[in-house]
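Worksheet: one structure, shown below.
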2 protein chains.
Amino acid sequence: MAVSRGASKQAVWDAASALFAEQGYANTSVRDIAARASVDPALVIRHYGTKERLFLETMLAADGEVVRFDGPIEALGESIVRFVLDTHSSVSSTYLALIRASDSGGVGSALRATHEAEFVAPLLEHLQGPQREERARLVAAMVGGLMYSLWIVGDQELLRADPERLVALYAPALQGLITPHSAGG
Amino acid sequence: MAVSRGASKQAVWDAASALFAEQGYANTSVRDIAARASVDPALVIRHYGTKERLFLETMLAADGEVVRFDGPIEALGESIVRFVLDTHSSVSSTYLALIRASDSGGVGSALRATHEAEFVAPLLEHLQGPQREERARLVAAMVGGLMYSLWIVGDQELLRADPERLVALYAPALQGLITPHSAGG
DNA sequence: GTCTATACGACGATAGAC
DNA sequence: GTCTATCGTCGTATAGAC
């Protein structure tokens, strides 16, 4: 991204982004990153301080738009579910890596902040009526549940199922929290 | 549990169960376990082969009943949500540890198997009507979403919210998949 | 058979020479 | 700014003492 970075620092960044997304935090060593960047292992630390900081910087910069919240409010549930089911692996693997590393120091609070910024806050903007706060957070939980089953557990039956069927079954649940007053459907 | 085990093996088991649940897989070293069990570190490996095997054995033995699926079918959604919200840390931390370590070799498939045995299978027993399979798996996803928001992300607002309110908002979504034909309520 | 001592290679990280 | 050398810790294997 930033061109002002030195060549080796940029190479480390690129290598780290790719490896963390591919193999996760625990399975990626500083020496792996250095090798992929054709750089001395000590340089990785020298540039970014710790492995965890490098992880957080690359992952948070990479996680563009886990879910999109646009379209008419009456169809927002459907739009969200469809988006998650269509999401390609680059975004999901970034989020996955964050979740799995969330017992390591600052990663947990970074996950919390990302969850708040990427899910809860945009949802809150669209919701109206009583208990907006709780409803937004529970919709976020439903989205998280879909990611949990699909990407963390890797539920093969869900992954193989007809997406339209899943949308038809799951979206009304989200929609019921998004627009609780209307009849939906 | 099994009394036939030698004293030291049992001590290792107890120490590992406690430490893994308290601090997770990555933050618990074999030497930590050995120290807590007042035993030589090499003995831990000698008894259980690898750290991962010890982790899997203790976690899978400990995860009694993450969710209970009893009561009348028309109130099953409510019963499930209430159970998750009431769950104390011993069960949840076990499940948490499994999820976070699920990028390490056999832990992923163990998580998948546990998810299948603890959530999907019991649900399938209770569901009737069309698309039982998808509906059961999506209910499991909703439960997973609640666990994700409460325990992994640690959504403070949800944790502080009135449980009855959350039940009132979230349970109908589960119930809509459990008994899609009836009016619910 | 149960356990201890010791060692190996890989890890994240640091200090200091070029 | 980059590399060398090194530290302490990790998971794990093995030889052999009780």
Side-chain angles (χ1 to χ4, degrees), chain A residues 2-59 97-98 100-108 110, chain B residues 2-59 97-98 100-108 110:
Chain A
V3 195
S4 62
R5 257 196 290 253
S8 79
K9 188 165 185 179
Q10 183 63 43
V12 168
W13 176 280
D14 294 340
S17 299
L19 286 175
F20 283 141
E22 284 168 23
Q23 328 176 350
Y25 181 72
N27 295 324
T28 301
S29 73
V30 170
R31 286 163 170 85
D32 286 344
I33 297 169
R36 173 131 167 186
S38 302
V39 141
D40 190 273
L43 249 182
V44 176
I45 300 296
R46 198 127 187 107
H47 277 316
Y48 294 97
T50 69
K51 178 187 172 186
E52 183 182 311
R53 269 223 291 281
L54 174 57
F55 174 71
L56 281 179
E57 285 191 35
T58 52
M59 291 298 100
L98 263 183
R100 293 208 249 235
S102 62
D103 56 350
S104 169
V107 180
Chain B
V3 195
S4 61
R5 257 195 291 253
S8 80
K9 188 164 186 180
Q10 182 63 43
V12 168
W13 175 280
D14 293 341
S17 300
L19 287 175
F20 283 141
E22 283 168 22
Q23 329 176 350
Y25 181 73
N27 295 324
T28 302
S29 74
V30 170
R31 286 164 170 85
D32 286 345
I33 297 169
R36 173 130 166 187
S38 304
V39 142
D40 190 274
L43 203 64
V44 174
I45 299 298
R46 195 132 187 103
H47 277 318
Y48 294 98
T50 69
K51 178 188 173 186
E52 183 182 310
R53 268 223 290 283
L54 174 56
F55 174 70
L56 281 179
E57 285 191 35
T58 52
M59 290 299 100
L98 263 182
R100 292 208 251 236
S102 63
D103 55 351
S104 168
V107 180

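The sequence lines fix the lettering, A, B, ..., with proteins before strands; numbering per chain opens at 1. Every value quoted in this text rests on a predicted model; they were computed, and no experiment measured them.
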If we ignore hydrogens and angles and just use 3.5 Å, is the side chain of B/Lys51 paired with the main-chain N or O of B/Tyr25 as donor and acceptor?
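The answer is yes, because a donor-acceptor pair under 3.5 Å joins these two groups.
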Between B/Tyr48 (side chain) and B/Phe55 (backbone), is there a donor-acceptor pair under 3.5 Å?
no
Sequence neighbours excluded, which residues qualify as side-chain hydrogen bond (donor to acceptor under 3.5 Å, both in side chains) partners of A/Ser17?
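Testing A/Ser17 for side-chain hydrogen bond (donor to acceptor under 3.5 Å, both in side chains), a comparison that skips the adjacent residues, returns none.
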What residues form a side-chain hydrogen bond (donor to acceptor under 3.5 Å, both in side chains) with B/Asp32, not counting sequence neighbours?
B/Ser29
Could you give the [atom1]-to-[atom2] distance, from [X] to [N], as a whole number of Å?
X: A/Phe55; N: C/dG12; atom1: CZ; atom2: C1'; value: 16 Å
X: A/Leu43; N: C/dA15; atom1: CG; atom2: P; value: 16 Å
X: A/Lys9; N: D/dT2; atom1: NZ; atom2: P; value: 11 Å
X: A/Glu52; N: C/dG12; atom1: CD; atom2: P; value: 13 Å
X: A/Tyr48; N: C/dG12; atom1: OH; atom2: C1'; value: 17 Å
X: A/Leu54; N: C/dA13; atom1: CG; atom2: C1'; value: 14 Å

Are A/Leu43 and A/Val12 side-chain neighbours, meaning at least one heavy-atom pair lies under 4.5 Å?
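The answer is no, as the side chains (C-beta and beyond) never meet within the 4.5 Å cut-off.
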Has A/His47 got a side-chain N or O lying under 4.0 Å from the OP1 or OP2 atom of D/dG1?
no
Hey, could you give me the NE2/CD distance between B/His47 and B/Glu57, rounded to the nearest 0.5 Å?
12.0 Å
Nearest 0.5 angstrom please: A/Ser104 OG to A/Leu56 CG, how far?
8.0 Å
Closest approach of [X] to [Y] (non-hydrogen atoms, all atoms of both residues):
X: B/Ala34; Y: B/Pro41; value: CB-CA, 3.5 Å
X: B/Met59; Y: B/Ala97; value: SD-CB, 4.2 Å
X: B/Arg53; Y: B/Thr50; value: N-OG1, 3.0 Å

Check nucleotides 16-18 of chain D against the protein and report each pair of N or O atoms closer than 3.5 Å, with its distance, or say if there are none.
none

side-chain contact (heavy atoms from CB on, under 4.5 Å) involving B/Ala16 - partner list, sequence neighbours excluded:
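B/Ala16 satisfies side-chain contact (heavy atoms from CB on, under 4.5 Å) with B/Phe20, B/Ile33, B/Leu54, B/Thr58 once adjacent residues are dropped.
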For DNA chain D, find the residues of residues 35-42 of chain A with a heavy-atom distance under 4.0 Å and give them by number; none if there aren't any.
A/Asp40, A/Ala42
For nucleotides 6-11 of chain D, give me one character per nucleotide, 5' to 3': B if any protein heavy atom sits under 4.0 Å from the base, S if the only such contacts are to the sugar-phosphate, - if neither.
----BB
